[in-house]
Structures are given as structure tokens and as C-alpha cells.
Amino acid sequence: MLEVKNINPINKGSLLASCDVHIKPWKMTLLDIKIFEKGANRWITLPSKEYTNEAGEKRYTELLAFDSEAIKNRFRSQILTAVDEFLAGNPEMTVEQVIKEEDLPF
């Protein structure tokens, strides 16, 4: 049902990478999903818009809304499964190469 189209390393703090996810039944692709990891926890954020609150702090608001938190969490879990499937289907890419690439030539 979900297919990761690409993974682009970012490696800024807990932000590992971004990816695009194609939702086959809807013939729709979500762009710029962010993949995070801190310690043993890994999560994604859906496409969002940056804004500054009244205190001058940078914040983000998601551009997709779900009818319940349970549905949103299940959808996020399915995206993480699709990320793992993408990596498994691309044996030339390991998690370390694609997501945790440390030594960049620039």
C-alpha cells in the first residue's frame, strides 16, 4: 500500500533523513517526510510548515490532519515499515550508508 520512493540523508542532530512516500491506492505521493532517531526511538514527521510563535520560537504545524491520534500513529508506523522495506529491497544501501552517513566529502 505504501512505497518509499527515495531516502535523502540529512544527519542534523536527531534528524536522519527525508523521504517521499507513494500511497498506491490513492495514486498520491507525500513529499519530504522527515525520519528522526534518538537513542532507541525512531519516528517520522509528516509534511509540515514552519512558523514563529508569539515568543519568537520556531515551531512546525503538520499539513495533514487525521480523524484520531490512533489513525495518525498507525499511518506513521506503516511509513516506518515502508522505510525498512525500501532499505531491505536496496541491498547496496545499508542503514548506515543511507541514513547515518557520517563522512561526507564536503
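Please read all numbers here as calculations on a predicted model, not as lab measurements.
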A.B. asks: Do R76 and L80 come within less than 4.5 Å of each other through their side chains, counting heavy atoms only?
C.D. replies: no
A.B. asks: Please tell me if the side chains of K24 and E3 come closer than 4.5 Å, counting only heavy atoms from C-beta onward.
C.D. replies: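 Yes, side chains in contact.
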A.B. asks: Work out which heavy atom in S14 is nearest to a heavy atom in K38; give both atom names and the distance.
C.D. replies: CB-CB, 4.3 Å
A.B. asks: Do the side chains of F36 and L16 get nearer than 4.5 Å, heavy atoms only?
C.D. replies: no
A.B. asks: Got a second to check how far Q78's CD is from I44's CD1, nearest 0.5 Å?
C.D. replies: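 These two atoms lie 10.5 Å from each other.
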A.B. asks: Taking all heavy atoms of C19 and all of V83, pick out the closest pair and write down the distance.
C.D. replies: SG-CG2, 4.3 Å
A.B. asks: The criterion is salt bridge (Lys or Arg N to Asp or Glu O under 4.0 Å); which residues satisfy it with D32, sequence neighbours excluded?
C.D. replies: K34
A.B. asks: If you take all heavy atoms of P9 and A17, which pair is closest and at what distance?
C.D. replies: CA-CB, 4.0 Å
A.B. asks: What heavy-atom pair brings I33 and P47 nearest, and what distance separates the two atoms?
C.D. replies: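 Looks like CG1-CD, 4.1 Å.
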A.B. asks: Which value, rounded to the nearest 0.5 Å, describes the distance between L63 atom CG and T61 atom OG1?
C.D. replies: 7.0 Å
A.B. asks: Okay, side chain of N6, backbone of D20: is any donor-acceptor separation there less than 3.5 Å?
C.D. replies: yes
A.B. asks: Tell me whether L31 shares a hydrophobic cluster with M28, the cluster being built from Ile, Leu, Val, Met, Phe, Trp, Tyr side chains joined at under 4.5 Å.
C.D. replies: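 The answer is no; the residues belong to distinct hydrophobic clusters.
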A.B. asks: Are L64 and Y60 linked, directly or through intermediate hydrophobic residues, by side-chain heavy-atom contacts shorter than 4.5 Å (ILVMFWY only)?
C.D. replies: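 Y60 and L64: separate clusters.
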A.B. asks: Flag the pair I23 / F75 as yes when at least one side-chain heavy-atom distance between them is below 4.5 Å, and no otherwise.
C.D. replies: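 A side-chain contact exists here, since the closest heavy-atom pair is under 4.5 Å.
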A.B. asks: Can you give each donor-acceptor pair under 3.5 Å made by side-chain atoms of residues 65-73, sequence neighbours left out, with the distance rounded to 0.1 Å?
C.D. replies:
from, atom 1, to, atom 2, distance (Å)
S68, OG, I71, N, 3.2
K72, NZ, E62, OE1, 3.4
N73, ND2, E69, O, 3.3

A.B. asks: Could you tell me whether the side chain of I35 reaches within less than 4.5 Å of the side chain of I79, counting heavy atoms only?
C.D. replies: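 A side-chain contact is absent here, since even the closest heavy-atom pair is not under 4.5 Å.
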A.B. asks: Would you say R42 and E37 make side-chain contact, with heavy atoms under 4.5 Å?
C.D. replies: yes
A.B. asks: Taking all non-hydrogen atoms of both residues into account, name the closest pair between F86 and V4 and its distance.
C.D. replies: CD1-O, 3.3 Å
